Undergrad: 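Sharing a structure here in C-alpha cells format.
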Amino acid sequence: MTEGPAAPIPSYLAMLNPEQREAVFHTGRPGDGENPDSRHPLLILAGAGSGKTRVITTKIAWLIREKGVDPRSILAVTFTNKAAREMAERARLIDERAGDAMLRTFHSFGAWFLRRNGSLAGLDSAFVIYDDDDTVALLATLLEDTPKAEIKQIAHGIARAKDYFLSPGDPGLDLIDHRKQFRRIYARYEERLAQIGNVDFGDLIKKPVEILRSQPDVARRFRDRFRVIMVDEYQDANIAQFELLKELCGPETYVCVVGDDDQSIYRFRGAEVRNILEFPDRFPGADIIRLERNYRSTVPILRAASSVVDHNESRLGKELRSERGQGKTPVLAFLPDQDEEANFCARLIESSVKGNGQSGKGGGGKSSSSVKPGAAGQSNAGQAAAFSDWAILYRTNAQSLGFETEFLRRGIPYRVVGSLKFYEREEIKDALALLSFLVNPRDEIAFRRVVNKPARGVGPATVDHITAASDGGDLGVAAKGLLPELSAKARAGVGTFLKMIEEGRALLSDQDGGKESKQQPRKPKNREELRAGEGLSVLVVKLVKDSGIADYHQMNDEISGNQRLNNLQELANAASLYAPNMDGLLEFLEHIELDRSLEDDTNKDKTKDNAVTLITFHNTKGLEFRRVIMTGIEQGIFPREDKQDEELEEERRLFYVGATRAMDELYLTSCAMRRVFGRTMPEEPSLFLREIDKSVLRIIGNVPYGFGSGSGSGGLTGGVRFGKGRDEGGSGKDGGWRRGDRLYHDDHGYGAVVEVRDSEEGPVVRVQFETGKELRFLSLHQGSRFTKIGRDD
DNA sequence: TAATCGATCTTTTTT
DNA sequence: AGATCGATTA
C-alpha cells in the first residue's frame, strides 16, 4: 500500500516519523483484480499534536512534486478559514505549485460552487449569504406576533435540518422538530428565501449536493476535475457535508480524510462523530493510519487529558504517546469563588512573567487569597514566560468578563478571542445591509433593516405597504411606484433612500466600464497593499456617509460612538481590497459572511504580540500554548448540567481538546462558589475532576470534603449547601404587603410602602424610597428584588 | 410615537 | 449582571 520515493529522501520528507511518512506516501493504489483506476480511501486518525497539518500539507506537496499530480485537481477542505490559510501557506512553502490547489472551507467551496452552478437550481449567481440573524429576521416576517425565542428555535431547527440534509418533505424531519407546523414553516421559509434569491449557511452545502445529484453532467465535470480530495477535521463534518463529499467522489477519486474522533466537539451544529467512526463502512476498502506520537505536550499533561476521555464509550481508540518527557506536574486549584479564580490566574501569570522585563504591577487590593500561586511549587527560576505563553480557557464567553476586569486592573495585556465579533456589531450589520440591498433589490430583510435608519419618517406601515406591493420583486421599483400614494413625510424619506441606493449602484456600474472589462477582482492579500479610499472602499465610505448611518451611530451612542465610526472605517478599509464593481462587492460580502475572523477594533491595541489569550474551549481547537489554565471546572458549568449520554461524551472530548492545547504547563481551577445570573451559587467540582488520573495532579487550595478520597460515590458534595434562600417576603402569595411596610429594593435601596390598592392584575404597591423616588410596582412577590425588613407601626 | 422604567430571561459552544 | 421585552407615560 505504501510506496516510498526511489532516491534520497528530500529534506521535507526526512523530518517525518514512520507513520507520518506512511500517511504521506499512501496513494491507495488498488491491488490485483481491482479496478486499476480505483483508489483505496485513507483515514488518518491524527491525535492531538501529532503533526496532522504537516502530514496534509506535505502530502499535497508530495503528490504534486513526486507524483506529477496536477495541483488544480486537488481539493482540500477544512472547517475554518484560518486552517485553510495555514494549510495553503505551509503547502506552498514546500512547493510553490500547491498554491494552485483548491484549499477552502466547506462553506466557501459551496459558495464557489453555487456562484457557478446555482442557476441549475434557479439561483441567480448574485446571491447574498444570510447569517443566522438574517434567517431569524426573515422568519419574523413570515410569523408575525411570534415570540422571538420561538422564532430562534425554529431558525435553529431549520439550520439543523439542513445540516442533516433534510428538506421540508423529509420524514426524518420529525427528529429535529416534531411539531406539525415546523415543516410548514420550513417550507414557507424556503419558498421565501428562493423568491428573494439569497441563501443561508446550510444552503451552501445542501444545494450543491442537490445539484450534483440532479445534474449528472455537472457531477461528472467535478469528478473529472478533482482527482484528489482531502478533508481536514473530518470528525466535525455533518451529514450534509458527508453527502457532498460522497457526490464529489467518483470511482477514481482518491479520498483522504484526517481527523480525531476524540476531538469531535460540534455536535450541536450537526457534526456527526458517526462520520468518522463509520468511515471504513461508508468508504469501502479504506485504509487507516494512526498518528499517535504527540510532539506538543508533556507526559503528565497527556495523561491527564486521556484519563478523562478514556471514560467515553464510543471511540475508535488510540493511545497518544508523548515525545516530550516528564515536565511539570499539572496543578488543580480549588478556589473560593470566581474573583479569587481571576486573582489566582493573574498572580500565576504575573509571577511567571516577572524578570522578563514585564511589569508585574503588584496587585493592590485584595491580597488575602487563600491560595497562593507560588505555593504550587512552580518557581519559575530560570525561564521567565511571556504573557503570550498563557491562555485562559473557559466554557462560555460570559466567563471572560471576570478575567478581563482583573487583568485590566493589574495591567496584564490580554486579548479575547471570538466573543464580540466585528461583523455582529449593529453599525456593521447596517452597512452590510445597505451593500446587500445594492446587490439584491429583492432583499426584504436588508431593506427593512436600513430603509428607516436613521429615522426618515418611513414607519412600519409604509414598509409593509411597499413589501406587499413588491410581491417579492424589486423593492426599489415597488417603492418608486408607490411614491405618489405616500404621505409627504414618507415620500420624502423613501425618496432619499432610493436616491442613495441608485447613486450607489451607479457608482458600481461606472467603475465596471461595461462587462467586458476583465479587471481581475483583487484577492484580499495584504491589508497594507491598498489604502482606504481605493477600490470598493469608495463605495462603502459614500454609502455610510450618505445614508446617515455614521452620524446616527455617533449621535446615538455617546460612549462608544467614535468606536462605531472606527468600526465603519475598518469595514471600508477591508473593502479597499476588492474591485469597485458588482463582482468585487459580491466577493467582499461573501468574504465578510464566511470569514468572520476580522478582529474587533477594541482588540487591536491589545493585540500587541505579547498578550494573554482569553478563549473558549471550543475556540482553542487547532491552537497550542505553552501554559494553559482551564477555568470553571465545576459541575453544571463544565460539563453543563443538562448534558447526558452522547452530549456528556462530547463535553469530555471538549475537556480533552482543552487540556491537549498545553505544551509545558497545565492548570485547572474549580470554585466553591460562583455568580450565575448575578446570584452567587454553591458549586461542586466537575465530574471530570473525579475521572482524571490524580497521580498526575498536584492539588492545592481547599479541597472539597470527600474529594479524591476515593471513597466511591457521594464524595463530591463540596461547598456549603444553602437552602432555598431566606424567608419569602411576608406571608401570602402576593406578598401580603401593607401600608407602612419597610423594604429594601436591589436597585433603589430602602423604602416604605405608602399605598396598596387592588387592580385587575393584582395588588399595586406604591413605594416611597429614601432617595426621594416614588415608584409603583404591580407586584412585589417575586422575592429576589425586594427584601421585607419590617413595619413602621 | 419615542423614551423610560420595571419585568423577565439569559449561558452554550460557531462555520 | 446585563440584555431585551414590553407596557406605561409624557
Side-chain angles (χ1 to χ4, degrees), chain A residues 77-84 104-111 129 131-133 145 147-149 152 156 159-160 162-163 200-205 232-233 236-238 240-241 264-271 338 393-402 405 417-419 421 423-424 426 452 455 457 459-461 489 556 590 593-597 615-622 632 636-643 647 650-651 653-655 657-658 674-681 745-748 759 761 764-765 767 773-786:
Chain A
V77 262
T78 62
F79 280 86
T80 67
N81 293 283
K82 207 166 137 221
R104 284 175 181 265
T105 64
F106 260 110
H107 289 91
S108 137
F109 174 78
I129 301 164
D131 66 11
D132 293 349
D133 284 347
D145 303 326
K148 193 154 192 192
K152 275 191 176 157
H156 182 255
R160 285 301 75 71
K162 292 188 176 183
D163 286 344
D200 62 21
F201 252 72
D203 285 338
L204 293 176
I205 311 296
D232 187 24
E233 304 278 15
D236 287 333
N238 61 36
Q241 286 158 338
S264 173
I265 55 174
Y266 287 111
R267 183 193 159 82
F268 67 92
R269 197 173 79 187
Q338 61 190 356
L393 278 50
Y394 37 78
R395 183 66 231 278
T396 62
N397 278 309
Q399 286 165 258
S400 75
L401 205 68
T405 317
V417 176
S419 57
K421 274 158 222 151
Y423 60 88
E424 272 172 7
E426 186 187 349
N452 196 36
K489 202 163 106 195
N556 273 341
E590 176 175 319
E593 207 56 61
L594 294 183
D595 184 0
R596 311 184 134 192
S597 59
I615 191 169
T616 62
F617 284 103
H618 279 89
N619 263 323
T620 61
K621 188 127 75 88
I637 304 281
F638 191 26
R640 278 187 66 83
E641 59 228 313
D642 48 341
K643 299 295 183 184
E647 289 192 324
E650 175 139 319
E651 296 277 300
R653 294 192 288 265
L654 192 53
F655 183 98
V657 167
R674 179 175 294 275
R675 271 193 309 279
V676 184
F677 295 144
R679 298 247 149 234
T680 301
M681 307 285 285
H745 185 281
D746 283 359
D747 297 334
H748 305 288
S759 77
E761 325 262 336
V764 174
V765 183
V767 180
K773 228 178 203 174
E774 188 178 288
L775 293 168
R776 293 183 310 152
F777 300 92
L778 183 58
S779 56
L780 288 178
H781 59 83
Q782 287 301 325
S784 59
R785 315 179 66 80
F786 311 96

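Here the structure is a predicted model, which is why all the values come from computation and not from measurement.
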Undergrad: Output yes if the stacking criterion (under 5.5 Å between centres, under 30° between planes) is met for A:Phe268 over the base of B:dT13, else no.
TA: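 Yes; centroid distance and tilt both under limits.
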
Undergrad: To the nearest Å, how far apart are A:Phe638 CZ and B:dT12 P?
TA: 15 Å

Undergrad: Atom CD1 of A:Ile265 to atom C1' of B:dT15: distance rounded to whole Å?
TA: 12 Å

Undergrad: What's A:Asp132 touching, base or sugar-phosphate or nothing? Going by heavy atoms closer than 4.0 Å.
TA: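 Base, at least one base atom sits under 4.0 Å.
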
Undergrad: What integer distance in Å separates A:Arg160:CZ from B:dT15:P?
TA: 13 Å

Undergrad: State whether A:Thr616 places a side-chain N or O below 4.0 Å from either non-bridging phosphate oxygen (OP1 or OP2) of B:dT12.
TA: no

Undergrad: Is it the case that the ring center of A:Phe638 lies less than 6.0 angstrom away from the ring center of A:Phe617?
TA: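 Close enough - the centres of the two rings lie under 6.0 Å apart.
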
Undergrad: Can you tell which of B:dT13, B:dT14, B:dT15 lies closest to the side chain of A:His107?
TA: B:dT15

Undergrad: Write down the distance between CG (A:Asn81) and P (B:dT14), rounded to a whole number of angstrom.
TA: 15 Å

Undergrad: Take atom P in C:dG6 and the same atom in B:dT11, then report the distance between them in whole Å.
TA: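 Nearest-Å result for C:dG6 against B:dT11 at atom P: 15 Å.
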
Undergrad: Does the side-chain ring of A:Phe677 lie flat on the base of B:dT10, meaning centres under 5.5 Å and planes less than 30 degrees apart?
TA: yes

Undergrad: Considering every strand and a 4.0 Å limit on heavy-atom distances, what is the contact class for A:Phe617: base, sugar-phosphate, or nothing?
TA: nothing

Undergrad: Once you round it to whole Å, what is the distance between P of B:dT12 and CD of A:Glu641?
TA: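 After rounding, the gap between these two atoms is 9 Å.
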
Undergrad: Would you state whether a donor and an acceptor, one from the side chain of A:Arg395 and one from the base of B:dT11, lie under 3.5 Å apart?
TA: no

Undergrad: Could you check whether any side-chain heavy atom of A:Thr78 comes within less than 4.5 Å of a side-chain heavy atom of A:Glu233, counting everything from C-beta outward?
TA: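 Side-chain contact under 4.5 Å: no.
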
Undergrad: Looking only at atom C1', what distance separates C:dC5 and B:dT12, rounded to whole Å?
TA: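 The answer is 22 Å between these two C1' atoms.
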
Undergrad: Does a side-chain N-to-carboxylate-O contact under 4.0 Å join A:Arg395 and A:Glu651?
TA: yes

Undergrad: Is the shortest side-chain heavy-atom distance between A:Glu647 and A:Phe268 below 4.5 Å?
TA: no

Undergrad: Just jot down the side-chain contact (heavy atoms from CB on, under 4.5 Å) partners of A:Asp203, sequence neighbours excluded, or say none.
TA: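 Counting only residues at least two positions away or on another chain, A:Asp203 forms a side-chain contact (heavy atoms from CB on, under 4.5 Å) with A:Lys162, A:Glu190, A:Leu193, A:Val199, A:Asp200, A:Lys207.
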
Undergrad: Output the rounded distance in Å from CZ (A:Phe655) to P (B:dT12).
TA: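 That distance rounds to 22 Å.
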
Undergrad: Between A:Asn397 and B:dT12, is there a side-chain N or O to OP1/OP2 distance below 4.0 Å?
TA: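 For B:dT12, OP1/OP2 do not have a side-chain N/O of A:Asn397 under 4.0 Å.
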
Undergrad: For A:Lys152 and B:dT11, give me the distance from atom NZ to atom C1', rounded to whole Å.
TA: 12 Å

Undergrad: Rounded to whole angstrom units, what separation is found between the CD1 atom of A:Ile637 and the P atom of B:dT11?
TA: 14 Å

